[in-house]
Structures are given as structure tokens and as C-alpha cells.
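Notes follow the structure.
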Amino acid sequence: MTEDKLKKYIDLASEKIGGQVLYATDDFFAEKENLIKEGRGIFIPDKYTDHGKWMDGWESRRKRTEGHDWAIIKLGAEGVIKGFDIDTNHFLGNHPPFASVEAIDMGNDHVYWSKADELDWEEILPKSPLDPGSQHFFEIDSNKVYTHIRLHIYPDGGVARLRVYGEVFKDWNRVNSDEIIDLALVNNCGKALHCNDMFFSNMTNLNSPTKGKNMGDGWETKRNRTPNNEDFVILRLGHSGIVHKIIVDTKHFKGNYPDSCAIDACNCEDDNTVLSDSHQWNSLLPQQKLEADKEHHFESEIISIEKPITHIKLKIYPDGGISRLRILGTIK
């Protein structure tokens with residue numbers, strides 16, 4: 001149950017939402033930056049570098065002195081950590097036998113990370129055993145907000161990927177009521193909740209802060225030959241608000257973009273009400289024609305809704321792929 005439970009949360013350390021690996025005591029064999037890349041990592045049997053076997057992860061050299069290795073990750077979005085996946089995929093004779101994690105909430109990361117021991121870290125995952133070539137899911141019971149974590153491995157070795165599952169935190173008191181922001185952005189607490197189909201690529205890509213890097217980095221449904229078919233995805237906005245502009249981006253989708261799209265909106269107190277469909281959707285954007293590999297901007301086409309909205313439903317006809325969706329507005 002732990003794996004399924006944690007994967008419902010956002011990977012706060014993901015490179016896609018701005019996570020960064022800032023420092024490692026040693027990454028002689030494999031670069032620290034690999035820790036937060038997508039996927040579980042690959043293995044190429046005959047690939048070597050000047051330092052030895054090429055590995056898709058973070059790997060330190062064999063330690064011949066006292067101590068252990070560690071790496072510091074700046075979360076892409078500060079938040080409440082619910083758990084970790086420490087993945088030793090493909091690290092079989094060279095994985096670390098144990099790992100632990102510390103966390104800290106700090107506004108300024110311009111420090112000498114080599115002196116990180118002087119900071120006020122809080123251990124949130126005690127020293128725990130790791131197996132070779134395996135995912136290790138750990139749940140965390142904490143409601144504190146953190147900005148950085150420190151992964152310790154004992155004494156050395158390789159970790160393919162690190163996932164930091166949690167909920168994004170944003171101090172909305174710092175956002176002016178007339179400031180235009182992307183209400184659906186993952187870094188602003190927006191979240192894709194449900195869709196009827198994501199056969200080719202995941203709905204969670206829709207509200208990532210970066211541009212789509214390829215056709216796999218978007219939301220794409222399978223081909224549907226049912227007349228008048230409608231595929232859809234539901235997103236919760238990070239904060240209720242009034243929408244002023246919508247951007248629907250079909251970047252990279254050339255032979256498989258939707259013919260058209262429409263967007264509905266609602267004001268609901270909780271996600272369960274939305275997902276149970278026991279509420280009323282109102283039209284926010286009437287059906288609009290789309291083009292291949294293009295960023296579509298809609299302003300005058302938006303229908304004014306009296307109440308602030310909390311959730312949106314993107315509908316595409318009859319199927320296809322959308323790279324990114326931006327819901328630009330003011331909080332209310």
C-alpha cells in the first residue's frame with residue numbers, strides 16, 4: 001500500500017518542477033544530478049567512462065577513510081514531505097547498505113554546502129537498510145514545510161533515483177489579489193486529479209512549469225474512433241480564482257493533436273465532490289479549434305463566471321495530445 005499511497009503525491013524534488021542537486025561529497029563514478037531525473041534509470045552493459053563503468057544514477061567511489069557520503073537536493077517546490085522512494089535500480093554489487101534523510105526549511109541556499117553539518121538539519125528518515133536493484137518506499141509522518149533535503153548513504157555506493165513525495169506549500173498571503181499567476185501550475189499547488197485516458201503520456205505533465213521537451217512530455221490519449229468522442233482531464237487549482245487568460249499548448253503534437261477543445265469550471269469545496277460528479281460544471285471556454293504544434297491563447301473567448309473557480313475540466317475532441325495547460329488568473 002505504501003507505494004500506491006505515496007505515488008498519489010507530487011515528487012517535490014523532480015527536475016521537471018525545478019528540483020536541483022546542489023552538492024555531493026563524492027560523485028566520482030556517476031553524477032549527482034542523475035538522482036532527480038525521470039524514470040528509474042537505464043543500464044548499458046558495455047558503456048564506460050574514464051572513471052569506470054557508466055551508471056545512470058549517483059555513485060561515489062569506494063571509501064577508504066572514515067565517514068560516509070551524502071548529497072543535498074533543493075526541492076523544486078517547498079512542501080510537506082509524505083515519503084521517499086530511494087531506488088537502487090541497476091546498482092547490484094555497488095549499492096549502499098543503508099541510507100537516511102535529513103530536511104531543513106531555509107530561504108537562502110547560498111551557503112557553503114561542504115559545511116552543511118553546521119546547519120540545523122532535522123532527521124526525518126532514520127538510518128534504514130537498502131537492498132540492491134530495488135525501490136524502497138518510506139512513509140514520513142510530518143506536517144512541517146521543507147525546502148531542502150540531505151540524502152546520506154552509508155558508507156558509499158550508488159543510488160539511481162530519489163523521489164521526495166509530498167504536497168506543495170505556497171504562502172498565499174504573499175500573492176497580491178491583482179497579480180496574474182498560473183492557478184493550475186504544480187508549483188502553485190495545482191494538481192491533475194483524474195482523466196478518462198492517458199494511454200501514451202501522463203496527465204500530470206500538463207501543469208509542469210517547463211515547456212514540453214518532446215511528445216512524451218504531455219498528456220496524450222489513445223486513438224478513439226467513437227463518433228463525437230470526448231476525452232477529459234480534471235485539475236484542481238492551487239487557489240480559487242478568476243480566470244483572465246487560458247493557454248492550450250500542442251507543442252510537439254503534429255499528427256496527433258486534438259481537433260478542438262473546451263474547458264468547464266466549477267466551485268467545489270473538496271475533490272471528492274468533483275470526482276463524484278455531484279455538482280454543476282459551467283462553461284469557461286466554449287469549444288475551440290486547435291492546430292498542430294502551437295501555443296493557443298484565449299482571452300476574449302473566456303466566459304465570465306460570477307463565483308471564483310476551484311477546479312477545471314479540459315475536454316478534447318475526439319482524442320490526442322496536449323503538451324501544457326495554463327490557467328492564468330487572480331486569486332479570490
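This structure is a prediction, so every number in the text was calculated from the model and none was measured. Only this structure's heavy atoms are used, side chains among them; waters, hydrogens and symmetry mates stay out. Along the sequence shown, residues carry numbers from 1.
Residues Cys261 and Leu314 come closest through the heavy atom pair CB-CD1, 4.2 Å. Nearest heavy-atom pair across Gly76 and Asn187 is O-ND2, 3.4 Å. When all heavy atoms of Asn196 and Glu230 are compared, the pair lying nearest together is ND2-O, 3.9 Å. Across all their heavy atoms, Leu290 and Thr250 have their closest contact at CD1-CG2, 4.5 Å. Across all non-hydrogen atoms, the minimal contact from Ala192 to Leu235 is CA-CG, 4.0 Å. Scanning both residues, Pro286 and Ala262, for their nearest heavy atoms gives C-CB, 4.1 Å.
Here Lys144 pairs with Glu122 in a salt bridge; the nearest charged N to carboxylate O distance falls below 4.0 Å. A salt bridge does not link Arg223 to Asp319: none of the charged side-chain nitrogens sits closer than 4.0 Å to a carboxylate oxygen. Salt-bridge check for Lys7 with Glu3: passed, with a basic side-chain N closer than 4.0 Å to an acidic carboxylate O. One finds a salt bridge joining Glu139 and Lys5 here, because a Lys/Arg side-chain nitrogen approaches an Asp/Glu carboxylate oxygen to under 4.0 Å. A salt bridge between Lys315 and Asp264 is present, with a side-chain N of the basic residue lying under 4.0 Å from a carboxylate O of the acidic one. For the pair Asp56 and Arg161, the salt-bridge criterion is met [side-chain N within less than 4.0 Å of a carboxylate O].
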> Between Glu59 and Asn94, does a side chain to side chain donor-acceptor pair (under 3.5 Å) hold up when you go through it step by step?
Replying inline: CA-CA 8 Å; Glu59 185 182 5; Asn94 51 351; 3.1 Å; yes

> Please walk me through it: do Asp26 and Asp156 pass side chain to side chain contact (heavy atoms under 4.5 Å, CB included)?
Replying inline: CA-CA 9 Å; Asp26 187 321; Asp156 53 43; over 6 Å; no

>> Between Phe29 and Ser60, does the side chain to side chain contact (heavy atoms under 4.5 Å, CB included) criterion hold? Intermediate values first, please.
In response: CA-CA 6 Å; Phe29 284 117; Ser60 63; over 6 Å; no

> Would Ile124 and Phe84 count as a side chain to side chain contact (heavy atoms under 4.5 Å, CB included) if you check the C-alpha gap in whole Å, the side-chain angles of each, and the deciding distance to 0.1 Å?
Replying inline: CA-CA 10 Å; Ile124 57 175; Phe84 301 99; 3.5 Å; yes

>> One pair to check against side chain to side chain contact (heavy atoms under 4.5 Å, CB included): Val145 and Val80. What are the steps and the verdict?
In response: CA-CA 5 Å; Val145 175; Val80 177; 4.1 Å; yes

> Going through the distances and angles, do His68 and Lys63 end up as a side chain to side chain donor-acceptor pair (under 3.5 Å)?
Replying inline: CA-CA 8 Å; His68 66 278; Lys63 189 165 287 294; over 6 Å; no

>> His148 vs Trp113, test: ring pair (Phe, Tyr, Trp, His ring centres under 6.0 Å). Steps then yes/no.
In response: CA-CA 12 Å; His148 298 69; Trp113 292 115; 5.6 Å; yes

>> Between Lys254 and Glu291, does the salt bridge (Lys or Arg N to Asp or Glu O under 4.0 Å) criterion hold? Intermediate values first, please.
In response: CA-CA 8 Å; Lys254 299 175 181 178; Glu291 298 178 37; over 6 Å; no

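Between the Asp69 side chain and the Thr25 main chain, no donor and acceptor come within less than 3.5 Å of each other. Looking at Asn205, its side chain does come within 3.5 Å of a backbone N or O of Asn202 through a donor-acceptor pair. One N or O on the side chain of Thr310 and one on the backbone of Cys268 form a donor-acceptor pair closer than 3.5 Å. Of the possible polar contacts, none joining the Thr2 side chain to the Phe137 backbone as a donor-acceptor pair under 3.5 Å is found. Panel note: side chain Asn34, backbone Gly57; a donor-acceptor pair is recorded below 3.5 Å. A donor-acceptor contact shorter than 3.5 Å is absent between the side chain of Ser323 and the backbone of Asp249. For Thr88 (side chain) and Gly158 (main-chain N/O), no donor-acceptor pair under 3.5 Å exists by modelled atom type. Panel note: side chain Asn188, backbone Gly190; no donor-acceptor pair is recorded below 3.5 Å. When atom types are taken as modelled, the side chain of His311 and the backbone of Cys266 share no donor-acceptor pair closer than 3.5 angstrom. A donor-acceptor distance shorter than 3.5 angstrom exists from the side chain of Asp270 to the backbone of Thr273, with no hydrogens or angles considered.
Annotation: side chain of Trp219 is in contact with side chain of Thr221 (closest heavy-atom distance under 4.5 Å). For the pair Trp58 and Glu31, the minimum side-chain heavy-atom distance is 4.5 Å or more.
Within the structure, salt bridge (Lys or Arg N to Asp or Glu O under 4.0 Å) contacts touching residues 274-290 (residues at least two apart or in different chains) are Asp259-Lys289. The salt bridge (Lys or Arg N to Asp or Glu O under 4.0 Å) analysis of residues 323-332, with sequence neighbours excluded, yields the pairs Asp182-Arg326, Asp217-Arg324. Evaluation of the salt bridge (Lys or Arg N to Asp or Glu O under 4.0 Å) test over residues 146-155, restricted to residues two or more places apart or in two chains, returns Glu102-Arg150, Asp117-Arg150.
Relative to the ring axis of Trp54, Lys47 places its NZ or CZ within 45° and under 6.0 Å from the centre.
A continuous path of hydrophobic side-chain contacts links Ile246 to Met203 [ILVMFWY only; heavy atoms under 4.5 Å]. Cluster annotation: Ile73 is not connected to Tyr165 through the hydrophobic network of ILVMFWY side chains, with a link wherever side-chain heavy atoms come within less than 4.5 Å. Residues Val101 and Ile72 fall into different hydrophobic clusters, defined by Ile, Leu, Val, Met, Phe, Trp and Tyr side chains chained together at heavy-atom separations under 4.5 Å. Hydrophobic clustering (ILVMFWY, side-chain heavy atoms < 4.5 Å, transitive): Trp70 and Val164 are in distinct clusters. In terms of hydrophobic clustering, with Ile, Leu, Val, Met, Phe, Trp and Tyr side chains grouped at heavy-atom distances under 4.5 Å, Val243 and Val186 are assigned to different clusters.
Here the CD1-CD1 distance, from Ile305 to Ile242, works out to 8.5 Å after rounding to the nearest 0.5 Å. Interatomic distance, Tyr257 OH to Lys294 NZ, rounded to the nearest 0.5 Å: 10.5 Å. How far CZ of Phe98 is from CD1 of Ile86: 12.5 Å, rounded to the nearest 0.5 Å. For the atom pair CD1 (Ile36) and CG (Leu12), the distance works out to 11.5 Å, reported to the nearest 0.5 Å.
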Donor-acceptor list for residues 173-180 side chains, cut-off 3.5 Å, not counting sequence neighbours:
residue	atom	partner	partner atom	Å
Arg174	NE	Asp171	OD2	3.4
Glu179	OE1	Asn176	N	3.4

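With Lys213 as the fixed residue, the side-chain contact (heavy atoms from CB on, under 4.5 Å) test singles out one of Glu38, Lys251, Lys16: Glu38.
Remark: Phe199 CZ is loosely packed, at most 12 non-hydrogen atoms of other residues, nucleotides or ligands lying under 6.0 Å away. Few gaps surround CG on Asn214; more than 12 heavy atoms of other groups in view lie less than 6.0 Å from it.
Taking His296 as the reference, nothing meets the side chain to side chain donor-acceptor pair (under 3.5 Å) condition, with sequence neighbours excluded. Considering only residues two or more places apart in sequence or on other chains, Lys127 meets the side chain to side chain donor-acceptor pair (under 3.5 Å) condition with none of them.
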